[in-house]
Amino acid sequence: MVDLSNFLRGGAAAKPDSALPRHVAIVMDGNGRWAKKRFMPRIFGHKFGMEALVRVIDDCHRRGIQYLTVYAFSSENWKRPDEEVSGLMNLVLVGVSKYLARLADKGVRIHVAGDRSKVSERVCQAWHHAETTTAGNTGLELTVAFNYGGRWDIVQACKRAIADGLAPEALSEEALSKYMALGYAPDPDLFIRTGGEVRISNFLLWQLAYAELHFTDCLWPDFDEAELDKAIAVFASRDRRFGGVKPSPSTQEASA
Ligand code: IPE
Ligand code: IPE
Ligand code: MG
């Protein structure tokens with residue numbers, strides 16, 4: 001068993017590369033239930049969910065995780081009551097004005113993935129401001145999936161590839177990957193969903209092909225460093241084969 005205690009604490013000591021996910025993707029679910037348990041409106045849960053996100057960005061950054069992608073608003077979330085949708089949009093404006101400077105100082109680079117055509121001008125401007133302010137940063141790459149859907153992503157990638165004049169013969173998985181919303185990032189290694197539901201809900205359908213999946217009942221506003229470490233430890237214990245077979249110890253010795 002690999003001793004993970006040091007790097008799970010965020011220590012800088014050498015860590016086994018394959019034990020630390022390079023890219024973590026999170027469906028931050030359970031804000032509404034968290035608020036309901038406290039007899040509070042759902043938006044109260046979203047506010048505390050934002051605080052949890054800021055903590056987790058920091059925790060991932062300190063652990064040396066290179067990419068963090070979070071699902072903040074799905075293309076299906078417009079079905080929610082108007083009051084909740086406008087509360088979530090307002091939270092983007094509050095979040096950017098409250099946390100952008102701090103994240104930028106830490107070296108975090110922010111990307112926003114999703115269909116901006118239906119998002120208000122003010123919210124688009126806030127996201128644009130976050131992206132341009134952090135464009136030169138080289139620390140953790142945070143992608144906020146906002147009005148994002150995995151199916152939308154595949155369609156928009158195809159549209160852009162066609163518009164670029166890509167010939168059918170030139171279309172390949174590798175070529176299309178570059179047109180996907182997260183074309184700059186490797187595929188997620190670890191997928192986490194909080195809130196107890198065991199589904200993907202139209203998150204990164206293309207990119208999650210070989211991610212290790214981790215589901216927890218923890219409601220998103222309660223997600224903390226210990227929960228992150230638990231997920232990383234689960235990831236480290238998984239046997240990733242990518243469709244291949246694991247060489248037996250005797251084969252490995254023979255080829256050494
Ligand atoms: C996830 O929490 C956050 C968003 C979808 C914006 P929910 O709002 O879905 O919380 P539950 O699932 O109702 O508890
Ligand atoms: C997924 O959560 C979307 C986000 C966390 C942004 P939902 O709460 O919207 O998903 P379903 O409806 O339970 O599948
Ligand atoms: Mg939910």
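Every number for a ligand or one of its atoms is a count from 1 in the order of the listing. In this text the structure is predicted, and so the values were computed from the model without any measurement.
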For the Mg ion (ligand 3), what is the closest N, O or S atom on Asp29? OD1
Residues Asp224, Arg55: salt bridge by 4.0 Å N-O rule: no
If you count the atoms of ligand 2 from 1 in the order shown, which ones are under 4.0 Å from a heavy atom of Val27? 1 (C), 5 (C)
Does Phe73 approach ligand 2 within less than 4.0 angstrom via side chain, backbone, both or neither, non-hydrogen atoms only? backbone
Met28 neighbourhood, listing ligand 1 atoms whose heavy-atom distance to it stays under 4.0 Å: 1 (C), 2 (O), 3 (C)
Atoms in ligand 1 with a heavy atom of Asp29 nearer than 4.0 Å: 1 (C), 2 (O), 7 (P), 9 (O), 10 (O), 11 (P), 12 (O)
Crowded around Glu83 CD? As in, over 12 foreign heavy atoms under 6.0 Å? no
Starting from atom 13 (O) of ligand 1, locate the nearest protein heavy atom and write down its residue, its atom name and how far away it is, to 0.1 Å. Arg42 NH2, 2.9 Å
Can you tell me which portion of Asn77 lies within the under-4.0 Å heavy-atom range of ligand 1? Options are side chain, backbone, both, or neither. side chain
Would you please indicate yes or no on a ring centroid separation below 6.0 angstrom for Phe235 and His214? no
Ring centroid separation for Trp78 and Phe73, is it under 6.0 angstrom? yes
Run the ring-centre check on Phe215 versus Phe191 and record whether the distance is less than 6.0 Å. yes
Run the salt-bridge test on Lys230 and Glu227 with the 4.0 Å N-O cut-off and return the result as yes or no. yes
Residue portion contacting ligand 2 (non-hydrogen atoms closer than 4.0 Å) for Arg193: side chain
If you compare Arg33, Arg80, Lys36 by their heavy atoms, the one closest to atom 9 (O) of ligand 1 turns out to be Arg80
Nearest-neighbour protein heavy atom for atom 10 (O) of ligand 1, which is reported as residue plus atom name and distance: Gly32 N, 2.9 Å
Is there a polar contact, in the sense of an N or O pair closer than 3.5 Å, between Glu197 and ligand 2? no
Between Gln207 and His23, is any side-chain donor less than 3.5 angstrom from a side-chain acceptor? no
In terms of relative ring orientation, are Tyr148 and Tyr71 parallel, tilted or perpendicular, with 30° and 60° separating the classes? perpendicular
Give the single entry among Ser74, Ser201, Ala72, Gly30 that approaches atom 6 (C) of ligand 1 most closely by any heavy atom. Ala72
